[in-house]
Amino acid sequence: GMGYMKDTGLEQIMRDLRIFRIFEGTNDILRFFFTLLGFKHLQGHLTGGSAVKSVLSSKFRKATGQFGSGVDKDAFMSFVHPSLHSSAQLLVGSVGQLNAAATALAVRYRRDIIFRQVELRRVADAAMEIYGMACGLSLATKSLNDASCH
């Protein structure tokens, strides 16, 4: 009957629902694509040397609170406004935890990681949350620095 008539507005809703499914599918594909690229890069580091040595050094970095691999924590903290250092510490810890979790998954599943969609999605979601935290810290630091200049 009248379900697809333009007069009722339902026609627009039905079109929107179809396109939302297409967009969400595209977002999921891109999420997995970028996550797999990250794992490919990580596995390249693991196979470049001893995997056991890499995992142990990852555990050491996590235990000692060092920030990721190859990133200077003190240099990072110097960019953040002093009033935001506690939030920056949370970001540093989150990056370290993500690094440890991704390394453990890469070592455990190796090439079969592409079949571990639940784990990939969790890593991707965590990475996006960390990215959001970094963006928020960056904007807040800029605002606080600009306010102190005036």
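Computation of the quantities below employed the complete heavy-atom set of this structure, encompassing side-chain atoms and omitting hydrogens, waters and symmetry-equivalent molecules.
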Handout entry: Atom pair CD/OG of Gln89 and Ser94 - distance to nearest 0.5 Å
Key = 11.0 Å
Fill in the blank from the handout: Result for side-chain contact (heavy atoms from CB on, under 4.5 Å) between Lys142 and one of Leu139, Leu144, Asn145, Asp146 points to Asp146
Exercise for the section: Report yes or no: do Phe34 and Leu36 belong to one cluster of Ile/Leu/Val/Met/Phe/Trp/Tyr joined by side chain heavy-atom distances under 4.5 Å? Expected result: no
Exercise for the section: Starting at CZ of Arg122, measure out to CG of Leu98 and round the result to the nearest 0.5 Å. Expected result: 12.0 Å
Practice task
Check the hydrophobic clustering (I, L, V, M, F, W, Y; side-chain heavy atoms under 4.5 Å; chains of links allowed) and say if Met128 and Leu30 are grouped together.
Solution key: no
Practice task
Kindly compute the distance separating NZ (Lys40) from CZ (Arg111), expressed to the nearest 0.5 Å.
Solution key: 9.0 Å
Handout entry: Closest contact, heavy atoms only, Ala140 versus Leu84
Key = CB-CD1, 3.6 Å
Problem - Value rounded to 0.5 Å, distance of CG in Asn99 from CD1 in Ile130 - result: 10.0 Å
Handout entry: From Leu120 atom CG to Arg31 atom CZ, the distance as rounded to the nearest 0.5 Å
Key = 11.0 Å
Practice task
For the residue pair Phe39 and Ile114, establish whether any side-chain heavy-atom pair is separated by less than 4.5 Å.
Solution key: no
Fill in the blank from the handout: Only one of Ile113, Val118, Thr35 passes side-chain contact (heavy atoms from CB on, under 4.5 Å) with Val123, and that residue is Thr35
Exercise for the section: Indicate if Phe79 and Val92 have the same hydrophobic cluster label, given that clusters are the connected sets of ILVMFWY residues with side-chain heavy-atom separations under 4.5 angstrom. Expected result: no
Problem - Euclidean distance, His85 NE2 relative to Thr141 OG1, rounded to 0.5 Å - result: 8.0 Å
